[in-house]
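As structure tokens, the structure follows; a few thoughts come after it.
Note that the numbering runs from 1 along the sequence shown for the chain.
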Amino acid sequence: MTKGLKGLTGHHITVERSDRHVRAVHGDQVLAESDGALVLRETGCPDRYYIPAEDVRLDLLTPSATRTHCPFKGDATYWSLPDAADLVWAYPDPKQDVWEIKDHLCFYDVEVS
């Protein structure tokens with residue numbers, strides 16, 4: 001699955017299934033581990049791995065009051081750890097061009113293999 005979005009300003013986003021094993025670790029805690037992640041590539045941004053919610057340790061995360069808006073992806077919600085604010089985000093109702101990331105969470109730093 002590869003889907004692309006190209007805006008009038010030359011902004012481009014693709015979402016595709018990753019063939020890599022993805023882990024999100026904070027300190028010595030594994031927060032997520034998945035072979036079913038999606039990779040989102042966006043103009044001007046690093047590749048981001050969106051991990052299915054069922055592969056994320058949501059029991060370790062606390063919902064945050066932070067909300068942001070991306071004109072290309074929609075409105076994001078965030079989760080935190082006691083020592084790491086807004087470490088994780090998701091788009092609960094993403095825009096149609098990136099709908100695949102629904103029910104997936106993204107971490108600032110992940111390990112891929």
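In this structure the side chain of Arg48 reaches within 4.5 angstrom of the side chain of Tyr108, judged on heavy atoms. Residues Leu81 and Thr62 form no side-chain contact, since every pair of their non-hydrogen atoms from C-beta on lies 4.5 Å or further apart. Taking the side chain as every heavy atom from C-beta outward, Arg20 and Val39 never approach each other to under 4.5 Å. Using a 4.5 Å cut-off on side-chain heavy atoms (C-beta onward), Ser34 and Tyr49 make no contact.
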- Item | Criterion side-chain contact (heavy atoms from CB on, under 4.5 Å) on Arg41 and His12, from CA distance to verdict | CA-CA 8 Å; Arg41 293 183 175 94; His12 191 71; over 6 Å; no

- Item | Audit row: Asp93, Asp75, side-chain contact (heavy atoms from CB on, under 4.5 Å) steps and yes/no | CA-CA 7 Å; Asp93 188 23; Asp75 296 320; over 6 Å; no

- Message: Run the salt bridge (Lys or Arg N to Asp or Glu O under 4.0 Å) test on Glu100 and Arg17 for me, step by step, so that the C-alpha distance in whole Å, both residues' side-chain angles and the decisive distance to 0.1 Å come before the verdict.
- Response: CA-CA 9 Å; Glu100 297 97 335; Arg17 191 155 302 282; over 6 Å; no

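Atom CG of Leu87 sits about 7.5 Å away from atom OG of Ser80, to the nearest 0.5 Å.
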Return a table of donor-acceptor pairs under 3.5 angstrom between the side chains of residues 24-33 and protein atoms on other chains or two or more places apart.
residue: His26; atom: NE2; partner: Asp83; partner atom: OD1; Å: 3.2
residue: His26; atom: NE2; partner: Asp83; partner atom: OD2; Å: 3.3
residue: Glu33; atom: OE2; partner: His21; partner atom: NE2; Å: 2.8

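Among the candidates Thr77, Ile101, Val98, the single residue satisfying the side-chain contact (heavy atoms from CB on, under 4.5 Å) test with Tyr91 is Ile101.
For Thr68, the side chain to side chain donor-acceptor pair (under 3.5 Å) partners at least two apart in sequence or on another chain are Tyr78.
Side-chain atoms of Lys102 come within 3.5 Å of backbone N or O of Pro92 as a donor-acceptor pair.
Relative ring orientation between Tyr50 and Trp89 is described as perpendicular, the plane-to-plane angle rising above 60° on a 0-90° scale split at 30° and 60°.
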